[in-house]
Number of protein chains: 2
Amino acid sequence: MTDAEPSRPRLRADARRSIDTLLTAAAEVFAESGVDAPVRQITARAGVGAGTLYRHFPQRSDLIAAVFRHEVDACADTAPALAAGHAPVEALRLWLLRFTHFIATKRGLSAALHSGDPAYDSLPSYFQLRLVPALEDLLGAAAESGEIRTDTDPNDLLRAVANLTLPAQDDDGHTGRMVGLLLDGLRYGAP
Amino acid sequence: MTDAEPSRPRLRADARRSIDTLLTAAAEVFAESGVDAPVRQITARAGVGAGTLYRHFPQRSDLIAAVFRHEVDACADTAPALAAGHAPVEALRLWLLRFTHFIATKRGLSAALHSGDPAYDSLPSYFQLRLVPALEDLLGAAAESGEIRTDTDPNDLLRAVANLTLPAQDDDGHTGRMVGLLLDGLRYGAP
DNA sequence: TTGCTAACCGGAACAGCGTTCCGTATCGTT
DNA sequence: AACGATACGGAACGCTGTTCCGGTTAGCAA
């Protein structure tokens, strides 16, 4: 569990609450309307004034980056729980689907990433830092149980699933089926 | 010479003039500040009211697309003149440099292309339609004179030069030298 | 418990954007 | 020369991100 904001001096309780509310409200709004959604839409849903938002996230891009990190954390943190509660390959499948949902809420973010705003500079490396180890563990467990092949690069798999998810807006279980197909591919080379 | 606007009903003289002024003003502003530059900056430079702009380009994206087509035309139309006035390989080099300038004025356009605005849908194909034949002719002439190899795909070369140009903002003769290097590569396989 | 102050909150206000509207001026024709 | 269609300029509109500040509240000290 990594926290979204470092916040050196201890925050007051109401501040902490505002930040959390804003983060979840922003995540919802971004998922619905993309990261270009108006700020007021976020503050309205959070039931918070604009001043409150800008106190904690001086720039719009700071909020976007924070939400991103927050969701990366949430996604990565799911891995251990799934690993504990399911058979290795099933845990892997469920986590990849979870990752799928994560990507699906990122409409417009790739454009933002290439905008040159320095607030986004650390995002790609954070993405790797948190998600690759999570996937590595799941892959490792499944490989150890002898159910999947061992020559898969976690990074490649993340990319593949992400690309699978991006084009389709939202449809029937298409992405789910495609992830299943990928998993079968992994099984194919099992020892 | 392909015209920017089809304009079925004959345009009044002042309208034609406004469109031309706007197109060149927009091209200059886009080159200086990128395609995200404020509309008012364009109308100011053109010495024209906002209403005039929107009469001819109902959406901001229509203006961008028109400027793009206009400049693609200008670039493509340079090829025959260069071919007539220079030795084949030199004509090729000069045109590639010209293309380099074209790309350099496209800051922010790639983001716009991926924005999903239908006004941009026809742009990539127009790009191919006009520039590939122009380059094909120059390559053909140079190949016929036996000075360069014959296995080069015009599309590949355009992409390569474009990629060469994009990263660097504007510097010493770096892109020029790189284009020269590419040309030497072409010469290398000459029969 | 009470009182005080630094931290925090809400929302009105500001500047700048794309776009629309409309009274006025101009073109091209009769 | 006069008239209608067409085009022009720029003020005005609605929306945006962001700033500002008077009022509120949390958390500590007495």
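Computed from a predicted model, the values in this text were never measured in an experiment.
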*Asks:* Do A:L92 and A:H86 come within less than 4.5 Å of each other through their side chains, counting heavy atoms only?
*Replies:* no
*Asks:* Write down the distance between CG (A:D36) and P (C:dC17), rounded to a whole number of angstrom.
*Replies:* 18 Å
*Asks:* Just checking, is any N or O donor in the side chain of B:Y54 or B:D62 under 3.5 Å from an acceptor N or O on the other one?
*Replies:* no
*Asks:* Counting side-chain heavy atoms from CB outward, which of D:dG9, C:dC27, D:dA26 is closest to B:V48?
*Replies:* D:dG9
*Asks:* OP1, OP2 of C:dG10 versus side-chain N and O of A:T52: anything below 4.0 Å?
*Replies:* yes
*Asks:* So, is B:S18 close to the D:dC8 phosphate, meaning a side-chain N or O under 4.0 Å from OP1 or OP2?
*Replies:* yes
*Asks:* Answer with base, sugar-phosphate or nothing: what part of the nucleic acid does A:R60 contact at a heavy-atom distance below 4.0 Å?
*Replies:* sugar-phosphate
*Asks:* Roughly how many Å is it from CG in B:D117 to C1' in C:dG18, rounded to a whole number?
*Replies:* 13 Å
*Asks:* Any chance the side chains of B:E147 and B:S145 put a donor and an acceptor closer than 3.5 Å?
*Replies:* yes
*Asks:* Measure CD/A:Q41 against C1'/D:dG17 and give the value in whole Å, please.
*Replies:* 14 Å
*Asks:* Could you give the CZ-to-P distance, from B:R16 to D:dA7, as a whole number of Å?
*Replies:* 11 Å
*Asks:* Strictly by modelled atom types, are B:T21 and B:R45 linked by a side-chain donor-acceptor pair under 3.5 Å?
*Replies:* no
*Asks:* When you measure only distances, ignoring hydrogens and angles, does the side chain of B:R40 come within 3.5 Å of the base of C:dG18 through a donor and an acceptor?
*Replies:* yes
*Asks:* Assign B:A37 to base, sugar-phosphate, or nothing according to its heavy-atom contacts below 4.0 angstrom with the strands shown.
*Replies:* sugar-phosphate
*Asks:* Hey, which sits more toward the 5' end of DNA chain C by its nearest nucleotide, B:V39 or A:A15?
*Replies:* A:A15
*Asks:* Would A:S122 and A:R69 count as a side-chain hydrogen bond (donor to acceptor under 3.5 Å, both in side chains) here? Give the steps.
*Replies:* CA-CA 10 Å; A:S122 66; A:R69 268 190 280 269; 3.1 Å; yes
*Asks:* Give a yes or no on whether a donor-acceptor pair under 3.5 Å exists between the nucleobase atoms of C:dT26, that is its base, and the side chain of B:R12.
*Replies:* yes
*Asks:* Check this one for me: any side-chain N or O of B:Q59 less than 4.0 Å away from OP1 or OP2 of C:dG18?
*Replies:* no
*Asks:* Determine: side-chain N/O of B:Y54 to OP1/OP2 of C:dT19, distance under 4.0 Å, yes or no.
*Replies:* yes
*Asks:* In whole Å, what is the span from the CG atom of A:L53 to the C1' atom of D:dT16?
*Replies:* 14 Å
*Asks:* Students often get this wrong, so: under 4.0 angstrom with heavy atoms, is A:A50 touching a base, only sugar-phosphate, or nothing?
*Replies:* base
*Asks:* Quick check for you: among D:dA26, C:dA7, D:dG17, whose closest atom lies nearest to any side-chain atom of A:R55?
*Replies:* C:dA7
*Asks:* Quick check on C:dC8: is either OP1 or OP2 less than 4.0 Å from any side-chain nitrogen or oxygen of A:H56?
*Replies:* no
*Asks:* Once you round it to whole Å, what is the distance between P of D:dG27 and CG of A:D14?
*Replies:* 7 Å
*Asks:* Can you tell me the distance, in whole Å, between the CZ atom of A:R17 and the P atom of C:dC8?
*Replies:* 12 Å
*Asks:* C:dG10 C1' sits how many Å from A:I42 CD1, rounded?
*Replies:* 17 Å
*Asks:* Taking C-beta and beyond as the side chain, do A:V39 and A:L63 meet within less than 4.5 Å on heavy atoms?
*Replies:* no
